[in-house]
Amino acid sequence: MDPSDIPFDLDDETRDVQARARAFTEEVLFPLEGEAERRHGRLPDDVVADVKREALARGLTGGLHDPAHGGQGWTRLQWALVEEQYGRSTNAIHWHIPNGYNVWEHAGAAHLERWLEPLLRGEIRDAYAVTERDAGSDPSRIAATATPKAPNGSGDGWLLNGEKWFVTSGDVASVYIVMANVIDDGEKLPTLFVVDAERAGIETIDDPLFTHMYPDGHPTITFTDVEVGEADVIGGVGGGDDLQRSWFMEERLGIAARCVGAMWRLLDITSDWAMEREQGGSRIFDYQGVSFPLADSTADAAAGRLLTLTVASLADAGADPKVVHNKASMAKLFTSEAAWRCADRCVQAFGGRGYLRSNPAERLLRELRVDRIWEGTSEIQRLIIARGIERRGVERMLH
Ligand SMILES: Cc1cc2nc3c(=O)[nH]c(=O)nc-3n(C[C@H](O)[C@H](O)[C@H](O)COP(=O)(O)OP(=O)(O)OC[C@H]3O[C@@H](n4cnc5c(N)ncnc54)[C@H](O)[C@@H]3O)c2cc1C
């Protein structure tokens, strides 16, 4: 075993997956970053087609999905190691790698064939719509409803009504996964629905600009009397919150892994620069005001990497999902805050060159900011961790 793998004994298959993702990142993603930034994240169609083709050829599509539907069937550890590589790149060009949200695995066979398989072939895109104007950190405030089509609730489906905010890829998606409350005898049952984007009653009412230059937008979308049927429910009526939790665990793990990758890139380029740049008769790296912040961030990156890969391994080993959920929150909180500090320090070490949009450090400074907000803000991660301490005790949270 390579001593650098300890305590993760990476088998040959995992090393191969990791090496393929690394080569893809360095050979395909890095060279496109400048153009993506200049074009506000939107690469030309032929370039996007090349990215997809390369990802397919290199076996990087649909990482966690079942090979029966066109996925790779990776373990969470393998997936985290791949996401770490993508995190080294800017402008989220890896979003073009064919994939689908993980909740598809709970969808019925017809939906898997109709949506997941084309998603994993790179033919279409999906989007996930939960957040609303008055429901962000607190999803219990969701106002979107699914009311029975037939007044007597005779089982021919529902009419979906609501307004969803920040729908990532909502501008390009062919299908939405939408969270709404099924109203049953006055009771609200949070439920996920598959909604064909072509269905009548769907309208994009705003498509604002955001801080990063990413491939897709995050529009506001309204659903007005959109028809959905029994077969469009994912995970059962009332099962939305449970699915959401397992989705969050994986998404938070992915964010943590990408933040580790971002710190790796930042520290790489900044230490190279600082060892080369001379001012005041010396390399700037020789000034502790420059090298100590880089040392602090390197320690953060190493600690964050261990925590992230530990959470992935625990999830693979079938550890208590509540503990894994708590630890994924710790990994997301720690790495997203550490990566933000790291980007700020690296921009400072570059001086005026750190403020150029052509500098990956500048781009990462902007791009990493959202990792402290989406998939649960840092404050919400702290709430989850605090509840974990209360319910399970400190020792269980640490070990
Ligand atoms: C670029 C981008 C893409 C997104 N993509 C999607 C998507 O694809 N699908 C989707 O459904 N959503 C998406 N979101 C929404 C995102 O998940 C929410 O923005 C996030 O959960 C925070 O909700 P909010 O914006 O309503 O902020 P609020 O919940 O209003 O929070 C505002 C502030 O109050 C703090 N706060 C709130 N409650 C508490 C509390 N109990 N204790 C302490 N502090 C608290 C928060 O931490 C935050 O600092 C996206 C957001 C962005 C910016």
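First listed ligand is number 1; within each ligand, the first listed atom is number 1. If you're wondering where the values come from, they're calculated on a predicted model, not measured in any experiment.
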Between [Y] and [X], does any NZ, NE, NH1 or NH2 come within less than 4.0 Å of an OD or OE carboxylate oxygen?
| X | Y | result |
| --- | --- | --- |
| Arg366 | Glu362 | yes |
| Arg258 | Glu375 | no |
| Asp242 | Arg245 | yes |
| Arg141 | Glu132 | no |
| Lys149 | Glu227 | yes |
| Arg341 | Asp344 | no |
| Glu276 | Arg283 | no |

Exercise for the section: With Arg252 as the cation and Phe248 as the aromatic partner, state whether NZ or CZ is under 6.0 Å from the six-membered ring centre and within 45° of the axis. Expected result: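 Relative to the ring axis of Phe248, which defines the angle, Arg252 lies inside both limits.
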Numbered atoms and elements of ligand 1 in range of [X], under 4.0 angstrom, heavy atoms:
| X | answer |
| --- | --- |
| Val370 | 1 (C), 53 (C) |
| Val130 | 10 (C), 11 (O) |
| Ile373 | 20 (C) |
| Tyr128 | 7 (C), 8 (O), 9 (N), 10 (C), 11 (O) |
| Glu379 | 43 (C), 44 (N), 46 (C), 47 (O), 49 (O) |

Exercise for the section: Check each of Phe223, Tyr128, Trp158 against Phe193 using the ring pair (Phe, Tyr, Trp, His ring centres under 6.0 Å) test, and report the only one that passes. Expected result: Trp158
For [atom], what's the nearest protein heavy atom and its distance?
| atom | value |
| --- | --- |
| atom 22 (C) of ligand 1 | Thr377 CG2, 3.9 Å |
| atom 26 (O) of ligand 1 | Gly136 CA, 3.2 Å |
| atom 39 (C) of ligand 1 | Ile380 CD1, 3.9 Å |
| atom 36 (N) of ligand 1 | Ser137 OG, 4.3 Å |
| atom 42 (N) of ligand 1 | Leu383 CD1, 4.0 Å |
| atom 2 (C) of ligand 1 | Trp374 CE3, 3.5 Å |

Practice task
Output yes when a protein non-hydrogen atom is found under 4.0 Å of atom 33 (C) of ligand 1, and no otherwise.
Solution key: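 Given the 4.0 Å limit, the answer for atom 33 (C) of ligand 1 is no, no protein heavy atom qualifies.
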Handout entry: Option nearest atom 5 (N) of ligand 1 (shortest heavy-atom distance, choices Thr168, Asp371, Val167)
Key =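 When every heavy atom of Thr168, Asp371, Val167 is considered, Thr168 comes closest to atom 5 (N) of ligand 1.
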Practice task
Look only at interatomic distance and state if Asp138 has a nitrogen or oxygen under 3.5 Å from any nitrogen or oxygen of ligand 1.
Solution key: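 No, there is no polar N/O contact under 3.5 Å.
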Handout entry: More than 12 heavy atoms of other groups within 6.0 Å of Glu337 CD
Key =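 Yes, CD of Glu337 has more than 12 neighbouring heavy atoms, counting only those of other groups under 6.0 Å.
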Problem - Per-residue contact class, Phe166 against ligand 1 - non-hydrogen pairs under 4.0 Å - result: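 The part of Phe166 near ligand 1 is both the backbone and the side chain.
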Exercise for the section: Answer side chain, backbone, both or neither: which part of Thr131 comes under 4.0 Å from ligand 1, heavy atoms only. Expected result: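 For Thr131, the contact with ligand 1 is made by both the backbone and the side chain.
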